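Read through the structure below, which is laid out as structure tokens, and then see the notes.
All values below were derived from every heavy atom in this structure, side-chain atoms included, with hydrogens, water molecules and symmetry-related copies excluded. Bear in mind the structure is a predicted one, so any value in this text is a computation, not a measurement.
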There are 2 protein chains.
Amino acid sequence: MTNDRALADALRLAVDPPGGVNVDALRELTRADSEEDWDISAAAEHLGVSPHTLRYYERADLVVIPRDQAGHRRFDAPTVRRLVFLTRMRASGMPIADLRRYVDLVDAGADTIPDRLDLLLEHRDTLRSQIAQLQLALAATEYKLATYQEGPQP
Amino acid sequence: MTNDRALADALRLAVDPPGGVNVDALRELTRADSEEDWDISAAAEHLGVSPHTLRYYERADLVVIPRDQAGHRRFDAPTVRRLVFLTRMRASGMPIADLRRYVDLVDAGADTIPDRLDLLLEHRDTLRSQIAQLQLALAATEYKLATYQEGPQP
DNA sequence: GCTTGTCTTCGAGCGTGCTCGAACCCCTAG
DNA sequence: CTAGGGGTTCGAGCACGCTCGAAGACAAGC
């Protein structure tokens, strides 16, 4: 199914950064036959955030988290997918408020797609200029390192 | 003089980002024969920060700013060079506290160079992983854009 | 001399994004 | 039946980096 490939790719993009998502565990969770939802501590660990943060995201209306009959949060595959998206966007500096706008649009249905596109395009531009800026800072830092390391007294 | 080239290069690295430094003005200021120090509003404008922020940096002991006989801050070339460094490092996410550690080392003399190197190396690594992380986020964003744009209903 | 403008200090306030503590609930093991 | 170790809510607190406002000094121009 091409949608499954897409999901797998998207999840692969969520690998790597320090404290990042455990992709194998995610893949396990997203298998249709998996009955093993996560509790909050498992979800927090896999997503690389604290349980407090997950509750905070729920309180901030970024995500609706299903509960079991004891009232405990059950992190199923769709919930985790949204949280992967949220944590990735947060890690790249998108403010909570923008994220809420976005998920509101998602929840509002398919005819908000143009607005979502706008948001994403804007975020893409933000990311690009952030990257450019950091690369400048990196160059400046490496330059300074070089002056320290070659001439003893720069 | 190779040091002049080095300074010019360093200043060139300070160009570009939104709200960044005006390099021509900086070059003007750093010319040895220039008598034209900046006042706080000129400095703020050239550095792309607010006067409030400059006073805050001084209060935070990141920089000592000379005064004229009226008690007004005079931003001369060395001061501006330090502020260029500070604003660049801030823009790349180095916390104020780290910056203070660094400038304390600088002010403490040449035998703190190993410590400064450590700080810079650490910051370089931070920058590299930040860049890697942002590039992942960019890829994820572009992937999402692609799914929105090709298939109407992803 | 007076107004206007820009500077000064100082302390307080604010926005963001968590982070925590207290009090309570529920399930399971012993 | 009881103890322990999760979970829950709620509101409050915190760290960071500004950001601002009030009250006053000084210089230049009318």
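Contact between the side-chain N/O atoms of B:Ser41 and the OP1/OP2 oxygens of C:dT6 is not found at any separation under 4.0 Å. In this structure, A:Arg90 reaches the C:dG17 phosphate: one of its side-chain N or O atoms is under 4.0 Å from OP1 or OP2.
Residue B:His52 contributes atom NE2, which lies 8 Å from atom P of D:dG21 at whole-angstrom precision. Here the P atom of nucleotide D:dT8 and the CG atom of A:Asp68 are 8 Å apart, to the nearest Å. In this entry the distance linking OH of A:Tyr56 with C1' of D:dC10 reads 15 Å, nearest Å. When rounded to the nearest whole Å, the span between CZ of B:Arg55 and P of D:dG21 equals 13 Å. Summarising the geometry, the separation between CD on B:Glu58 and C1' on D:dC18 is reported as 16 Å, rounded to the nearest angstrom. Separating the CH2 atom of B:Trp38 from the C1' atom of C:dC7 is a distance of 18 Å, rounded to the nearest angstrom. Atom NE2 of A:His72 and atom P of D:dG6 are 12 Å apart (whole Å). One can place CZ of A:Arg100 at 15 Å from C1' of C:dC18, the figure rounded to the nearest angstrom.
Here B:Arg67 lies in heavy-atom contact (under 4.0 Å) with sugar-phosphate atoms only. The residue A:Arg73 sits close only to the backbone: its heavy atoms come under 4.0 Å of sugar-phosphate atoms, none of a base. Using a 4.0 Å heavy-atom criterion, one finds that A:Pro51 contacts no nucleic acid atom at all.
The residues B:Arg101 and B:Glu122 are annotated as not salt-bridged, no charged nitrogen and carboxylate oxygen being separated by less than 4.0 angstrom.
Using a 4.5 Å cut-off on side-chain heavy atoms (C-beta onward), A:Asp98 and A:Met89 make no contact. Contact annotation: the side chain of B:Leu99 never approaches that of B:Tyr57 to less than 4.5 Å [non-hydrogen atoms, C-beta and beyond]. Inter-residue side-chain proximity for A:Arg73 and A:Thr79 is flagged as unmet; no heavy-atom pair is nearer than 4.5 Å.
Looking at B:Arg59, its side chain comes within 3.5 Å of the base of C:dG11 through a donor and an acceptor atom.
Rounding to the nearest 0.5 angstrom, the gap separating the CZ atom in A:Arg59 from the CD1 atom in A:Ile65 is 12.0 Å.
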